[in-house]
Number of protein chains: 2
Amino acid sequence: MARLREFEIGEALDGVMGVFWRQGYDGASMQDIEAATGLNKQSLYRIFPDKRAMYLAALERFEAIEFEKAEEALTGPATARARFEALFGGVIAQAAQGDRRGCFLCNAAADQGQEDEEATAIVSAAMGRLEKMFRKALAISAPYNRDRKACEERAAALLSTYLGLRILTKADAPLRVIKAAASAAVKTI
Amino acid sequence: MARLREFEIGEALDGVMGVFWRQGYDGASMQDIEAATGLNKQSLYRIFPDKRAMYLAALERFEAIEFEKAEEALTGPATARARFEALFGGVIAQAAQGDRRGCFLCNAAADQGQEDEEATAIVSAAMGRLEKMFRKALAISAPYNRDRKACEERAAALLSTYLGLRILTKADAPLRVIKAAASAAVKTI
DNA sequence: TCAATAGTTGACCATTCAGTCCGCAATTAC
DNA sequence: GTAATTGCGGACTGAATGGTCAACTATTGA
């Protein structure tokens, strides 16, 4: 006996995510969020208790999307090297298209690292899961299917490179450097 | 015929840097900066025209300090691998001591990337210089002293890993992962 | 002594911000 | 129709912000 919601929460969350991704927590005002979602404050506050909840929800949504993309790249091809070529290729393509937003999780680490433990926990957990995914992706090929230590180390190094690539993207580094880094990193596999 | 300044601008700048490093631009209020420097607003505003100038000056100071440290690590030892072992060892030591501030330049990229072109330019230039320094540090050893492409690619990959290490530090990743990443990265040299 | 600058304290201003509230129209189920 | 909810718009609040100003003391060189 009540009116139904006219928009998808997911779509609103996409808008929220975009703003925080681009502008950070403090850099995004409620006005920006209203504009990005096409909703007004009241509708937003009906869904989320406060701005921080919007941020955390956006962060978690980003993580989910990011994981889906990474999983696709890292399970499709049949060799470890091809898998990471696919993953890093996506980063390069993004940078080549002028998308300089970088990685929202990295941004969040820098943005909220000292202020919001919950945000840091989300980021930290995401990186842990990513590392695990990297290890699994490596374990399809030799020597990583036999040598556990090599697998762990390589996964950690690739994760580090991956995050670095996204920082370089955000920092507007020349595409040449981004491509070179990705290329060299893949060759180590 | 005038009273002399009673503090060192450099010391004040160190305080300013610490605050922005930890809290980001928007996250740092003038009150925080007053507390960190031990100066009051008026004295601060006599040195800097506004808050943004303080931020940019702090960023440049960080870059200078960071470069000095990197230069020391990357010119001391006699082999390329030992040089990067020294550099990454510093990052690990910092993380091991619980210093989770990460890299101010990376933070700045995330924090001010979309808002302040000058900050982005500083960050971008710093990364360019860092890449150049990495190349020079590699060029002492084979095959990088002969193979220019290998040198460029390796330098880019190491830069990416280096930035990634600092993000992992900021994101509170387990020390195990940071160490593993550094170890594997150094082995690729 | 005098002029000029440094430094401190506290008041002050305009703006912005997150968050709340109210009124109104629209939509749904009963 | 009625009750309940959604969405919109605008007004509003209290707090915090960056930045300025004025008044006062202290220190310096001439």
Side-chain angles (χ1 to χ4, degrees), chain A residues 1-60 107-108 111-112 114-119, chain B residues 1-60 107-108 111-112 114-119:
Chain A
M1 38 171 135
R3 184 176 168 182
L4 299 180
R5 199 189 295 108
E6 289 177 0
F7 58 89
E8 284 292 319
I9 289 187
E11 284 175 29
L13 195 46
D14 281 338
V16 174
M17 181 182 76
V19 176
F20 283 130
W21 188 358
R22 262 175 280 121
Q23 299 173 230
Y25 183 79
D26 289 312
S29 71
M30 286 306 303
Q31 279 191 30
D32 297 328
I33 297 174
E34 285 184 279
T37 56
L39 301 173
N40 61 9
K41 271 199 269 195
Q42 289 60 31
S43 299
L44 288 165
Y45 277 110
R46 212 191 304 270
I47 310 177
F48 305 102
D50 52 27
K51 189 185 173 188
R52 180 151 300 273
M54 298 179 204
Y55 185 81
L56 295 175
L59 198 55
E60 275 167 346
N107 297 359
D111 196 38
Q112 295 296 298
Q114 304 282 335
E115 298 181 49
D116 187 331
E117 288 185 16
E118 205 171 342
Chain B
M1 39 169 133
R3 182 175 170 184
L4 300 178
R5 200 188 293 110
E6 290 177 0
F7 58 89
E8 284 292 318
I9 289 189
E11 284 175 29
L13 196 45
D14 280 339
V16 174
M17 183 183 75
V19 177
F20 283 131
W21 188 357
R22 263 175 280 121
Q23 299 174 231
Y25 182 79
D26 288 311
S29 71
M30 285 306 302
Q31 279 191 29
D32 297 328
I33 296 174
E34 284 184 279
T37 57
L39 300 173
N40 58 15
K41 271 199 270 195
Q42 289 61 30
S43 299
L44 289 165
Y45 277 111
R46 193 168 301 149
I47 311 175
F48 306 101
D50 52 27
K51 187 183 172 189
R52 179 152 300 273
M54 299 179 202
Y55 185 80
L56 295 175
L59 199 53
E60 275 166 347
N107 296 0
D111 198 39
Q112 295 296 301
Q114 305 282 331
E115 297 182 48
D116 188 329
E117 288 185 16
E118 207 171 339

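Letters go in sequence order (proteins before strands), and every chain restarts at 1.
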**Q** Distance check needed: C:dC17 P versus A:I33 CD1, whole Å only.
**A**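 From A:I33 CD1 to C:dC17 P: 11 Å.
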**Q** Over all heavy atoms of both residues, which pair between A:A12 and A:T37 is shortest? Give the atoms and the distance, please.
**A** O-CG2, 3.4 Å
**Q** Can you check the A:Q23 CD to C:dA18 P distance for me, whole Å?
**A**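 Computing the A:Q23:CD to C:dA18:P distance gives 11 Å.
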**Q** Specify the residues of residues 34-49 of chain B, ordered by number, for which at least one heavy atom lies under 4.0 angstrom from an atom of DNA chain D.
**A**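 Contacts with DNA chain D under 4.0 Å: B:K41, B:Q42, B:Y45.
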**Q** Expressed as a whole number of angstroms, how long is the span from A:Q31:CD to C:dG19:P?
**A**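 Nearest whole value for this atom pair: 14 Å.
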**Q** Starting from C1' on D:dT17, measure out to CG on B:D26 and report it in whole angstrom.
**A** 10 Å
**Q** State, yes or no, whether a side-chain contact exists between B:F20 and B:I33 at a heavy-atom distance under 4.5 Å.
**A** yes
**Q** A:K51 NZ to C:dC17 P: how many Å, rounded?
**A** 8 Å
**Q** Grab the two heavy atoms, one from A:G15 and one from A:A36, that are nearest each other, plus how far apart they are.
**A** O-CB, 3.8 Å
**Q** Might you work through the side-chain contact (heavy atoms from CB on, under 4.5 Å) test for B:M30 and B:Y45, ending with a clear yes or no?
**A** CA-CA 10 Å; B:M30 285 306 302; B:Y45 277 111; 3.7 Å; yes
**Q** Let's go through B:E34 and B:L39 carefully: what are the C-alpha distance in whole Å and the side-chain angles of both, what is the deciding distance for side-chain contact (heavy atoms from CB on, under 4.5 Å) to 0.1 Å, and is it a yes or a no?
**A** CA-CA 5 Å; B:E34 284 184 279; B:L39 300 173; over 6 Å; no
**Q** Take atom CD of A:E117 as the centre, draw a 6.0 Å sphere, and report whether it contains more than 12 heavy atoms from other residues, nucleotides or ligands.
**A**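 At most 12 heavy atoms, drawn from other residues, nucleotides or ligands, come within 6.0 Å of this atom.
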